[in-house]
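These numbers were taken from a predicted model, which means no experiment stands behind them.
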Amino acid sequence: MGMAEFSFRTSHDSGAARLGVFQTPHGVVETPTFMPVGTHGAVRTLTVQDVASTGAQMVLANAYHLYLRPGDQMIRALGGLHAFTRWRGPMLTDSGGFQVFSLAKIRTVSEQGVEFRSHIDGSLHQYTPESVMRVERNIGADVIMQLDELIAAGADVFCVTRCNGTQLALARTLSRRV
């Protein structure tokens with residue numbers, strides 16, 4: 001997919017609010033939009049026809065969950081997320097930063113990324129800005145999100161400063177290498 005297949009235009013604005021049209025390789029998304037969450041690629045209890053009948057134009061999937069099971073390489077081998085899910089419209093993958101955040105007892109964060117243990121089988125994994133981009137590209141979503149680190153509610157100043165510094169380092173690494 002080339003960058004030329006993406007475009008965004010504002011169709012109306014009023015003060016700071018705006019309506020827009022976002023073109024992706026798999027279709028158009030009018031913004032703002034409702035995005036149902038299909039954590040593992042599919043929205044639970046709904047068929048793709050059911051999801052489409054809600055008026056949803058884009059589905060959000062989670063790269064962390066898809067990476068751990070069935071695996072980004074398997075999804076790629078099956079033809080990508082669209083073939084895997086049979087959803088023909090645009091798809092967005094979240095990096096899984098929140099899921100990694102929720103694994104506080106089994107993860108270690110550094111400027112290079114995060115090392116964590118799978119909640120499924122305890123296996124050790126390294127998530128870096130580059131590896132997350134590689135996973136999301138293998139999955140084949142239209143829109144992909146970079147690795148983020150969440151700050152816990154009530155965090156002290158040291159933690160907030162460290163987290164912000166880590167985010168800046170991750171963003172610099174990503175801009176240099178991807």
Side-chain angles (χ1 to χ4, degrees), residues 1-12 17-103 107 113-114 116 118-120 125-150 167 170-171 173-175 177-178:
M1 290 178 225
M3 290 301 289
E5 298 178 62
F6 289 91
S7 65
F8 178 83
R9 69 176 172 79
T10 301
S11 60
H12 182 78
R18 67 181 182 185
L19 298 176
V21 179
F22 179 49
Q23 175 69 48
T24 77
H26 287 94
V28 172
V29 179
E30 296 173 346
T31 64
T33 193
F34 164 71
M35 244 187 300
V37 177
T39 301
H40 295 95
V43 179
R44 290 180 192 234
T45 75
L46 299 179
T47 66
V48 291
Q49 293 82 10
D50 292 336
V51 173
S53 74
T54 69
Q57 299 170 329
M58 180 179 264
V59 173
L60 185 151
N62 188 284
Y64 166 84
H65 288 291
L66 293 167
Y67 162 73
L68 290 177
R69 184 176 46 203
D72 58 300
Q73 293 292 335
M74 180 175 286
I75 292 172
R76 183 178 183 175
L78 293 170
L81 192 56
H82 291 85
F84 181 70
T85 63
R86 297 190 177 165
W87 174 257
R88 300 294 172 231
M91 296 193 81
L92 177 146
T93 49
D94 181 47
S95 69
F98 177 78
Q99 285 68 32
V100 171
F101 166 80
S102 69
L103 303 172
R107 60 134 163 101
V114 61
F116 63 93
S118 165
H119 69 282
I120 299 167
H125 299 270
Q126 181 75 29
Y127 240 22
T128 66
E130 298 90 349
S131 70
V132 170
M133 290 291 106
R134 189 171 41 257
V135 164
E136 291 186 273
R137 286 180 176 154
N138 284 341
I139 290 170
D142 297 286
V143 179
I144 60 179
M145 298 293 159
Q146 78 175 43
L147 178 61
D148 54 341
E149 181 185 3
L150 282 75
Q167 277 301 108
L170 290 171
T173 299
L174 186 62
S175 67
R177 298 184 186 173
V178 177

Answer yes or no: is there a side-chain heavy-atom contact under 4.5 Å between Q146 and V132? no

Any idea how F116 and Y67 line up, ring-wise: parallel (<30°), tilted (30 to 60°), or perpendicular (>60°)? perpendicular

Hey, does H125 have a side-chain heavy atom less than 4.5 Å from the side chain of L68? yes

Do T47 and D50 have side-chain atoms, one donor and one acceptor, less than 3.5 Å apart? yes

Rounded to the nearest 0.5 Å, how far apart are CZ of F6 and CD of Q23? 9.5 Å

Does some side-chain heavy atom of R137 sit less than 4.5 Å from a side-chain heavy atom of R134? no

dist M133:CE -> L147:CG (nearest 0.5 Å) comes out at 8.0 Å

Ignoring hydrogens and geometry, is there a side-chain-to-backbone donor-acceptor pair from T128 to G113 under 3.5 Å? no

For the CE atom of M145 and the CG atom of L60, what is their distance to the nearest 0.5 Å? 8.0 Å

Partners of S95 by side-chain hydrogen bond (donor to acceptor under 3.5 Å, both in side chains), sequence neighbours excluded? D148

Quick one: closest heavy-atom pair of V29 and P90, and the distance? CG2-CG, 3.6 Å

Quick one, V28 and F22 - any side-chain contact, counting heavy atoms below 4.5 Å? no

CG on N62 to CG on D94, rounded to 0.5 Å: 5.5 Å

Taking D142 for its side chain and M91 for its backbone only, find out whether a donor-acceptor pair lies under 3.5 Å. yes

pair L19-P32: side-chain heavy atoms closer than 4.5 Å: yes

Donor on one side chain, acceptor on other, H119 and Y64, under 3.5 Å: yes

Looking at H82, is its backbone amide N or carbonyl O close enough to the side chain of R88 to form a donor-acceptor pair, meaning the two atoms are under 3.5 Å apart? yes

Find out whether L66 and I75 are in side-chain contact, i.e. whether some heavy atom of one side chain is under 4.5 Å from a heavy atom of the other. yes

For the NE2 atom of H65 and the OG1 atom of T39, what is their distance to the nearest 0.5 Å? 5.5 Å

Tell me if a side-chain donor or acceptor on Q57 pairs with a main-chain N or O of E30 at a distance below 3.5 Å. yes

What I'd like to find out is whether the side chain of F84 reaches to under 4.5 Å of the side chain of P70, using heavy atoms alone. yes

Distance, nearest 0.5 Å, that separates CD1 of I139 from CD of Q73: 10.0 Å

Between G38 and V59, what is the shortest heavy-atom contact and its length? N-CG1, 4.1 Å

Please check: side-chain N/O of R76 versus main-chain N/O of G140, any donor-acceptor pairing under 3.5 Å? no

Could you check whether any side-chain N or O of T54 sits under 3.5 Å from a backbone N or O of A56, counting only pairs where one atom can act as donor and the other as acceptor? yes

Closest non-hydrogen atom pair, T85 against V48: O-CG1, 3.4 Å

